[in-house]
Asker: 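Pasting a structure here, questions to come.
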Amino acid sequence: MKIKALNGFKDIVPGEVELWQKVENTARDIFSRFNFSEIRMPILEKTDLFARSIGEATDIVEKEMYTFIDKQITMRPEATASLIRAYIQHGLHVQKPVQRLFTIGPMFRHERPQKGRLRQFHQMDAEVLGTATPRVDSEIMAMGAMLLQELGITVSLEMNSLGCPACRPGFREKLLHFIEERMDKLCDNCKRRSKTNPLRVLDCKNPRCREEVEEAPSILEHLCADCDEHFTQVQKGLQDLDVQYSLNKFMVRGLDYYTRTTFEFITEDLGSQAAVGAGGRYDGLVEKLGGPKVPGIGFALGMERLILLLQQQEDVETDSATVDIFVASLGDTASEFAFPLVHALRQKGLLTAMDHEGRSLKSQMKQANKASAKFVLILGENELEQGQAVLKNMATQEQQDIAILSDNNEMASSLLERCQ
RNA sequence: GUGGGUGUAGCUCAGUUGGUGGUAGCACCUGGUUGUGACCCAGGAGGUCGUGGGUUCAAGUCCCAUCACUCACCCCA
């Protein structure tokens, strides 16, 4: 019986990992341009942290978490809760009033795997804590858009406001009333959801439900004065930064902690996994987790989904490492001479390869070619006797004789010069 | 948790009305005269046909079960 990776868990092997590196490198570059600092948190946290932040009644907490029940600890299903826990624990709000943080890593949810959805998946997460200014809302969306654009991924940005504790309850009542009038026309799921989380009825995918809620009251028309002004300023900010967006009054969020601005980066090229990234404001969360009363906003990008989109494109460039110099040796004497020379070349900083299996020169040339080696140093019995080696430029096919030096360090320096 | 689809070489796949597993492609190894890559040619290696039952003289092929993968629902990044 072969041992295989668990269902929903994937290896990222050479050939694919280059794409991941490209995505990570691009993200680090963009985050850094926006003056974000990296933070890394542990994968295991107390179960209570997620229950309190994400919400007891959400699907994630109810049935999707990997929990060690006896120890009351859970593998994080998302990053925001852990990040805020760390923010509070280390008093980051004291060190700097506004913290701009990002993190990249694996998350775990026990869902049925499908395209763009794994049980161990990876997210890139950016959060700004300590400011409620609508400018940051615009800025963070602009950052996400810039990152996706840099990667060559085309998405649309949809945005909504969920209001705040001052205006949402009132809207909720109105919506509930609207739903109850049409209850018999809604699907079973919506009937259930109308009790647990009526806002979710708004984004049901069932066409009949969509038709029914088309005329539903919009939260945007029920925002309190502060939320309304905030939302207006966010939109102005996006226009100032020339970021394209559209309003979606049906967009709600699955996690309980969101307030005011929410947004999603949406693609049509991933089947049912339309959201490549999503986020929003969570002004009450830090305080709820026992921290200072500071507002926050953030978003997460699903890396598997980004990778799938990149793989769907033709000619995506990734820079995989190529061998600077391949040392081909013939016979035991030459091979023994080559072994420490290769080490010296590596100490000089060259990406160096050699064959330890005693294969033919032809085979070694093939290996060099396959590794896209720029140069091959050929060391044969004849060369050693004459104190000469052959350096071949693989692209131009030019060969030159070079003197073998007894000192590996000097020999390596000499080769380094010629291989530039 | 609920449906549908698919399981043959490392990967992508042929395999007829049931009749000996494919000179298939990619990748790999070795050769194609002394020691030189790409292209080409030849040869080689690589398999419990997902697993377990059943029908049959005979099963990769038909039937049942099971597992895995996958897509979708749900939910979400």
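Chain letters run A, B, ... following the sequence lines, proteins first, then strands; residues in each count from 1.
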Asker: Measure CG/Leu330(A) against P/rU36(B) and give the value in whole Å, please.
Answerer: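 Taking atom P of rU36(B) as the reference, CG of Leu330(A) is at 9 Å.
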Asker: Is the positively charged end of Arg182(A) above the ring of Phe178(A), judged by distance under 6.0 angstrom from the centroid and angle within 45° of the axis?
Answerer: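 Geometry flag: set, cation within 6.0 Å and 45°.
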Asker: Looking only at side-chain N and O atoms, does Asn382(A) come under 4.0 Å of OP1 or OP2 in rG35(B)?
Answerer: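 Answer is no, no contact under 4.0 Å.
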Asker: Would Gln312(A) and Asp269(A) count as having a side-chain donor-acceptor pair, cut-off 3.5 Å?
Answerer: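 No - no donor-acceptor pair under 3.5 Å links their side chains.
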Asker: Charged N to carboxylate O below 4.0 Å: is that the case for Arg100(A) and Glu139(A)?
Answerer: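 Yes, Arg100(A) and Glu139(A) are salt-bridged.
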Asker: Please list residues of residues 120-128 of chain A whose heavy atoms come under 4.0 Å from any atom in RNA chain B, ordered by number; otherwise none.
Answerer: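 Of all residues in residues 120-128 of chain A, the ones placing a heavy atom under 4.0 Å from RNA chain B are Phe121(A), Gln123(A).
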Asker: Which part of the nucleic acid does Leu361(A) contact within heavy-atom distance under 4.0 Å: base, sugar-phosphate only, or nothing?
Answerer: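 Leu361(A): base contact, heavy atoms under 4.0 Å.
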Asker: Closest heavy-atom contact between Lys249(A) and Leu202(A)?
Answerer: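 Looks like O-CD1, 4.2 Å.
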Asker: With a non-hydrogen cut-off below 4.0 angstrom, is Leu306(A) in contact with a base, only sugar-phosphate, or nothing?
Answerer: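 No contact.
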Asker: If the condition is side chain to side chain donor-acceptor pair (under 3.5 Å), which residues does Tyr245(A) pass it with, not counting sequence neighbours?
Answerer: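 Side chain to side chain donor-acceptor pair (under 3.5 Å) list for Tyr245(A), sorted by chain: Gln235(A), Gln239(A).
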Asker: Quick check: do Met124(A) and Leu147(A) have side-chain heavy atoms less than 4.5 Å from each other?
Answerer: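 Side chain of Met124(A) against side chain of Leu147(A), heavy atoms only: contact under 4.5 Å found.
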Asker: Which nucleotide wins on minimum distance to the side chain of Lys4(A), given the candidates rG35(B), rC76(B), rA68(B)?
Answerer: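 The answer is rA68(B), which lies nearest to the side chain.
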Asker: Identify, with sequence neighbours excluded, every residue that meets side chain to side chain donor-acceptor pair (under 3.5 Å) alongside Ser413(A).
Answerer: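 Testing Ser413(A) for side chain to side chain donor-acceptor pair (under 3.5 Å), a comparison that skips the adjacent residues, returns Lys348(A).
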Asker: Mind listing the N/O atom pairs, protein and nucleotides 38-42 of chain B, below 3.5 Å?
Answerer:
from, atom 1, to, atom 2, distance (Å)
rA38(B), O4', Asn369(A), ND2, 3.1
rA38(B), N6, Gln397(A), OE1, 3.3
rA38(B), N6, Gln397(A), NE2, 3.0

Asker: CD/Glu24(A) to CG/Asp29(A) distance, rounded to the nearest 0.5 angstrom?
Answerer: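 Output value for this atom pair is 13.5 Å.
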Asker: Just the atom pairs and distances: protein N or O near nucleotides 49-52 of chain B's N or O, under 3.5 Å.
Answerer:
none

Asker: Can you tell me which stems involve RNA chain B, if a stem is defined as three or more consecutive Watson-Crick or G-U wobble pairs, both distances under 3.5 Å?
Answerer: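 RNA chain B stems, ordered by first number: B:1-7 with B:67-73, B:10-12 with B:24-26, B:28-32 with B:40-44, B:50-54 with B:62-66.
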Asker: Tell me whether the side-chain N/O atoms of Lys10(A) come closer than 4.0 Å to OP1 or OP2 in rU70(B).
Answerer: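 Checking rU70(B) against Lys10(A), a side-chain N or O does come within under 4.0 Å of OP1 or OP2.
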Asker: So, is Gln114(A) near the phosphate of rC71(B), with a side-chain N or O under 4.0 Å from OP1 or OP2?
Answerer: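 Checking Gln114(A) against rC71(B): no side-chain N or O falls below 4.0 Å of OP1 or OP2.
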Asker: According to side chain to side chain donor-acceptor pair (under 3.5 Å), who are the partners of His90(A), at least two apart in sequence or on a separate chain?
Answerer: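 Partners of His90(A) by the side chain to side chain donor-acceptor pair (under 3.5 Å) criterion come out as none, since no residue qualifies.
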Asker: Using a distance-only criterion (donor-acceptor N/O pair, under 3.5 Å, no hydrogens), is the base of rC71(B) paired with the side chain of Arg117(A)?
Answerer: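 Checked by distance alone, the answer is no.
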Asker: Has the side chain of Gln364(A) got a donor or acceptor atom sitting under 3.5 Å from an opposite partner on the base of rU36(B)?
Answerer: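 No, no donor-acceptor pair under 3.5 Å.
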Asker: Which nucleotide sits closest to the side chain of Lys115(A): rC71(B), rG35(B), rA77(B)?
Answerer: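 The answer is rC71(B).
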Asker: For residues 369-386 of chain A, run the donor-acceptor check on the side chains, cut-off 3.5 Å, and write out each pair with its distance to 0.1 Å, sequence neighbours left out.
Answerer:
from, atom 1, to, atom 2, distance (Å)
Lys374(A), NZ, Thr322(A), OG1, 3.4
Lys374(A), NZ, Asp324(A), OD1, 2.7
Glu383(A), OE1, Gly380(A), N, 3.1

Asker: Can you name the side chain to side chain donor-acceptor pair (under 3.5 Å) partners of Asp48(A), sequence neighbours left out?
Answerer: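 Once residues adjacent in sequence are excluded, the partners of Asp48(A) under the side chain to side chain donor-acceptor pair (under 3.5 Å) criterion are Arg52(A).
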Asker: Excluding sequence neighbours, so at least two apart, what forms salt bridge (charged side-chain N to carboxylate O under 4.0 Å, His left out) with Glu64(A)?
Answerer: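 Glu64(A): no salt bridge (charged side-chain N to carboxylate O under 4.0 Å, His left out) contacts found.
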Asker: For rU30(B), does OP1 or OP2 lie under 4.0 Å from any side-chain N or O of Ser363(A)?
Answerer: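 It does, given that an N or O in the side chain of Ser363(A) lies less than 4.0 Å from OP1 or OP2 of rU30(B).
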Asker: Over all strands shown, is Gly279(A) touching base, sugar-phosphate only, or nothing at heavy-atom distances under 4.0 angstrom?
Answerer: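 If one applies the 4.0 Å heavy-atom cut-off, Gly279(A) turns out to touch nothing in the nucleic acid.
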Asker: Using a 4.0 Å heavy-atom cut-off across all strands, classify Gln399(A) as base, sugar-phosphate, or nothing.
Answerer: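 Base contact - Gln399(A) has a heavy atom under 4.0 Å of at least one base atom.
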Asker: Whole Å only: how far is the CG atom of Asn393(A) from the P atom of rG37(B)?
Answerer: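 Taking atom P of rG37(B) as the reference, CG of Asn393(A) is at 16 Å.
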Asker: Which residue pairs satisfy the side chain to side chain donor-acceptor pair (under 3.5 Å) criterion with at least one member in residues 123-137 of chain A, sequence neighbours excluded?
Answerer: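 Every pair satisfying side chain to side chain donor-acceptor pair (under 3.5 Å) with a residue in residues 123-137 of chain A: Thr80(A)-Glu127(A), Glu127(A)-Tyr282(A), Asp137(A)-His230(A), Asp137(A)-Thr261(A), Asp137(A)-Arg281(A).
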Asker: Is it the case that rG35(B) (base atoms only) and Glu383(A) (side chain only) share a donor and an acceptor within less than 3.5 Å, ignoring hydrogens and angles?
Answerer: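 Checked by distance alone, the answer is yes.
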Asker: With 3.5 Å as the limit, what N/O pairs link the protein to nucleotides 2-4 of chain B?
Answerer:
from, atom 1, to, atom 2, distance (Å)
rU2(B), O4, Arg112(A), NH1, 2.7

Asker: Decide yes or no on ring-ring contact (aromatic ring centres under 6.0 Å, His included) for Phe31(A) and Phe102(A), but give the supporting numbers first.
Answerer: CA-CA 7 Å; Phe31(A) 291 153; Phe102(A) 79 90; 4.8 Å; yes
